[in-house]
Amino acid sequence: MTNQYEVVIGLEVHVELKTQTKLFCGCANAFGQDPNSQTCPVCLGMPGVLPVLNGEAVALATRAALALHCTVNSHSKFDRKQYFYPDLPKAYQISQYDQPLAENGHVTIQTSIGKRDIGIERIHMEEDAGKLNHLGQRLGDAEGSLVDLNRAGVPLIEIVSRPEMHSPEEARQYLVELRTILSYLEISDLRMEEGSMRCDANVSLRPLDYTGSLADLPRVEIKNVNSFRNVQRGIEFEIGRQRQLLQTGQRIVKETRGFDDASGSTYSQRSKEEANDYRYFPEPDLPPLVLSETWLQDQREALPQLPDELRQYLAQRGVAERDAEVLVQDLNLYHYWAQVVELVPDVRLVTNWLLSDYSRLVNAKGLSFAAPKVNAGGLASLLSLIISGTLSGKMAKEVLETMFETGETAEAVVKRLGLIQITDHNAIKEIVSAVVTANPAVVQDFLSGKEKALAFLVGQVMKQTKGQAKPDLVNALLREVLATYA
Amino acid sequence: MGMIDWDAVQTADHVQRGEVSAVECVEEALSRIESTNPTVHAFLHVDAEGALAKARFMDHNVTREAKANLPLAGVPVAIKDNMVTIDMPTTAGSKILEGFRSPYNATVVELLERAGAIVVGKTNMDEFAMGSSTEHSAFGVTRNPWDPTRVPGGSSGGSAAAVASRMVPLALGSDTGGSIRLPASYCGVFGIKPTYGRVSRYGLIAYASSLDQIGPLARSVRDLARTLHLIARHDAKDATSLDVGIISEAPMPTALQSLRIGLPEEYFGEGIDIRVRTLIEKTLDRLREFGADLIPISLPHTRYAIATYYLIAPAEASSNLSRYDGVRYGLRVAGDDLIHMYQNTRQEGFGSEVKRRILLGTHALSAGYYDAYYLKAQKVRTLIRQDFDKAFDKVDLIVTPTVADLPFRLGERDLDPLQMYLTDIFTVTTNLAGIPGLSQPIGLVDRLPVGLQWMGPPLAEDRVLSAASALEAILPTPEWPLSGGIQE
Amino acid sequence: MSAIARAPSQDLEDEGEGSQTKAPFYALLGKIGVYPTNGYGHSWVMNALTEGGAGLSRHEDQNSPRKLMNLTEEEVRHVARLARLAISSTELSEATQALGRVLDYIDLLNELDTEAVPPTTHVEAIETVWRQDRVVPSLSPEEATANGPQVSSHMFVVPKILDGGEG
């Protein structure tokens, strides 16, 4: 007997595909509409209806599979998964059982000891269920429920990982990377709060001296968690709960548990005697799905640049890994970055500006890079003014803020406020001489070795030039003039 | 010959030529229904007003030229009650769908109406098409017009009885294991189950999805052909619908000379009712006289067909009938909570035969049994298909009795479901193989009709219809029951 | 005429609606070859699905066949629950018997070695049927819920759900 356990986590992620229509009928695939306004005889499960597969859903699912390095099966089929529930109109869900669309992929995550591939066992297509609105606070107290079938039949892919994650943090990283990859494909809204991305976590503890099959370990499934953070919390709680049970010599029951956001704990959801028997069998209403090599090639070609490819590219362009990750995680930001870099090839300057001052302003104002207030050309002009020496960094920040407020171009702001940096040697020298003359005591301090005194004199010059004098020039000229006093 | 004797083609011809109005055709049908239906109980619902309104519309608004393009102009038709209709209720013979009103029409209904046919009503059937006698309807039995103490066969017994008793010239049925051909044989009319996928199933209330096919019942081969010509069309709403061209509207009677007709030994065993056997053999002699080449063949897996069918059909049915749960339509019987509402609704809504098949099918798909039952049956299904593939290498068509006996008496096979199941032994094979099968009346014994079944290779409807047409031409004109009015 | 009088189906007719109609009908079917002539309710040819798994031979003379298909009331109760049917205890015993007989009959399939036979899930040789991703107008919420036994705010009302999830 050991008290040492390895945490074993597998994740099942459901993703709603962003097609125009549902998986098996022509109803609009739209979120947030009036109850039962996006339904037809097919998705209502009326007598006599038949499903017809949405080809675009297959295309989107295939692209997801390819982006996750899966093998797409040229032959797959649909099956009926049967259970009674009011949100499932036909009392069976059309899904894929033993011949899924795709298998054997992976997601690469960054762990403390380097990169690691988390295996994806399979990706299959299925239809979503409708929504129940419970009359009352909780399911158990409700006197009844209202059934809205707008979501019934919306296309889903289910991405099943292998049980290869060993900490809640790894699970979170897997989810983040998975979402990043899928977001590049633009196949889903990926909003956990709206249910367009959902996650179930399977958690078990493997005693280190256990040599049996992982499949035989008692496994707990945490269902319907509504954020990445809560997936992590739920797993953390579950690890603690299971460890406690094992350490006090109790057995872990294979079951499904819900997650309670308020308490951060999981609770048992299904009684044991209600063991599921889904009675899968091949869907007779849908012929098998056979994907030609040409069609698959078209899907491969439709794939956009993926996060790993972007990481490589940014490394080549000399973007620091940390900065690169920020760009990878926000494609709108990256696209903006790429446009600015196109105009102002100083990668370092652009990256620094974008990730610090510009992002700060965007965030402070609650804006987004999808619809930038100052477009790439505008920022490029501003940065060009820095490079040409027309503006100092400090001035540029002020100009940028004004650009955000008024929507003017950099040139317009500069012109209106007269913010041209004074680079005229003689003009600055004149002011420098005047300042030196007017502050004999300070000059004396400097001459007696107090370097700080110089800063005061620089400040005076900048004050008189309203900050527009080029700072390094002021410095140089001051020293030049002061040298004559020595 | 009066209007009552016209087949669909004659009726349409008269309406197209303006010799009778659509209203007259519909009135004739309605009056025959009024006099005959109380005895036969073929119809569950008759929409007299709706049908007359449509007929009037045709008479007043459709020009002679436009009517010429309506191959079923003014033809009153009956639809089996498992095909959904907007204008009439659809129950599939089940209490669980009592009061249900479909928001859409089955594709076949649309196609028939587009061709000028006028749907006068919905016909009785075994609940959800599960039965061979039309005794298992929640709304009463249908009686055989030849002998009201006997069953009309099933499950399309209402459609067959309506056509045989000349309430309508044409009706649609559905056939999962023989449900068109068996009642066609028992009632003495023509009926064809096309190749699986020929006719759209959209709007057909599913019994066993991989076996179900819609087909016509009529009093002539040409009516079957004209109807199939119209309804056997590709339908984008049915993913299993075939896109393979159109069946000829008027097949030429085939030259029987040198037509190779296979006679499978398994269908001509000793157990066939001797009277049926005698008439079939007499008919085969006629075919031989006209030059057909009768070739003994073997379909060795026939013996396994019923067992195969009674795994596949109930398994699919158990799934297809799960949607009747009291939530969105149909019957709801209250319960303290959801699961009790489900159980009470389904317990009260379904009849005993339906429940029996749901239980059987659920069991066949349940954990630990799938391989031994459902998968096994699908494999045997392959063997049955291969039997036919091999046979059709040697012969053009196959001929068998449609059913081994004459119409049985009401209640006679109620005691043991298995006994009822075995009524379908000669018809289920074509459903399992997906091939066309046609039942043709070949005469009467003891005033009860006998049917002969033609089977053809996949998509060979034209060949099947041509051969049936040739046989029709050499047989005496069929008789129809209830000619002298109703005798109690 | 005497030949006709001896025909099994003639016997059937003569017996009318009595309960003894079964035997001749089965005899008839046995002769056709679709029903085992040694009666029903007994096992005949068994296959290797029963035991061991290895012995795939299907010899007609196999000894002491075990009933694979025998059905218990408990199993039928379980299946009824899966199918959401509240069957009474009378129905349960009737159903168990009736289904048991059907399953005994179905046992016939175990005569066949289907190890190498592919299953038929679709009889047609068609594949990959899909449609364009184009929106078709939906029903109105009124139409969608017009058949609902209980409807509120265009939604179907269902009674309270006691256990947590599907199943």
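Chain A is the first sequence line, chain B the second, and so forth, proteins listed ahead of strands; every chain is numbered from 1. All heavy atoms count here, side chains included; hydrogens, waters and symmetry mates do not.
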Can you tell which part of Y374(B) gets under 4.5 Å to a heavy atom of chain A, answering side chain, backbone, both or neither? side chain

How many angstroms lie between atom CG of D212(B) and atom OH of Y196(B), to the nearest 0.5 angstrom? 7.5 Å

For residues K80(B) and S155(B), is any side-chain donor paired with an opposing acceptor at under 3.5 Å? yes

Could you tell me which portion of S102(B) (side chain, backbone, both or neither) has an atom closer than 4.5 angstrom to a non-hydrogen atom of chain A? neither

What part of A364(B) gets within 4.5 angstrom of chain A, counting heavy atoms only: side chain, backbone, both, or neither? neither

Are K237(B) and E110(B) within salt-bridge range, i.e. N to O under 4.0 Å? no

For L53(A), which atoms come within 4.5 Å of any heavy atom of chain B: side chain, backbone, both, or neither? neither

Part of T362(B) lying under 4.5 Å from any heavy atom of chain A: both

Quick check on A106(B) against chain A: is it the side chain, the backbone, both or neither that has a heavy atom closer than 4.5 Å? neither

Could you look at L338(B) and say if it's the side chain, the backbone, both or neither that has a heavy atom under 4.5 Å from chain A? side chain

Using non-hydrogen atoms and a 4.5 Å limit, figure out which bit of D337(B) sits close to chain A: side chain, backbone, both or neither. neither

Short side-chain donor-acceptor distance under 3.5 Å, E255(A) and S268(A): yes

Test side chain to side chain contact (heavy atoms under 4.5 Å, CB included) applied to I180(B) and P216(B), S159(B), S156(B), the passing residue: S156(B)

So which of S319(B), S200(B), S209(B), A236(B) has the biggest tally of heavy-atom pairs under 4.5 Å with chain A? S319(B)

Should the pair F350(B) and F128(B) be assigned to parallel (<30°), tilted (30 to 60°) or perpendicular (>60°) ring geometry? perpendicular

Is Y92(A) close to chain B through its backbone or its side chain, or both, or neither, when contacts mean heavy atoms under 4.5 Å? side chain

Do NZ/NE/NH1/NH2 and the carboxylate oxygens of E16(A) and R198(A) come within less than 4.0 Å? yes

Polar contact flag, side-chain donor to acceptor under 3.5 angstrom, Q99(A)-N73(A): no

Quick check for you: among G26(A), P47(A), P41(A), G45(A), which has the greatest number of heavy-atom pairs under 4.5 Å with chain B? P47(A)

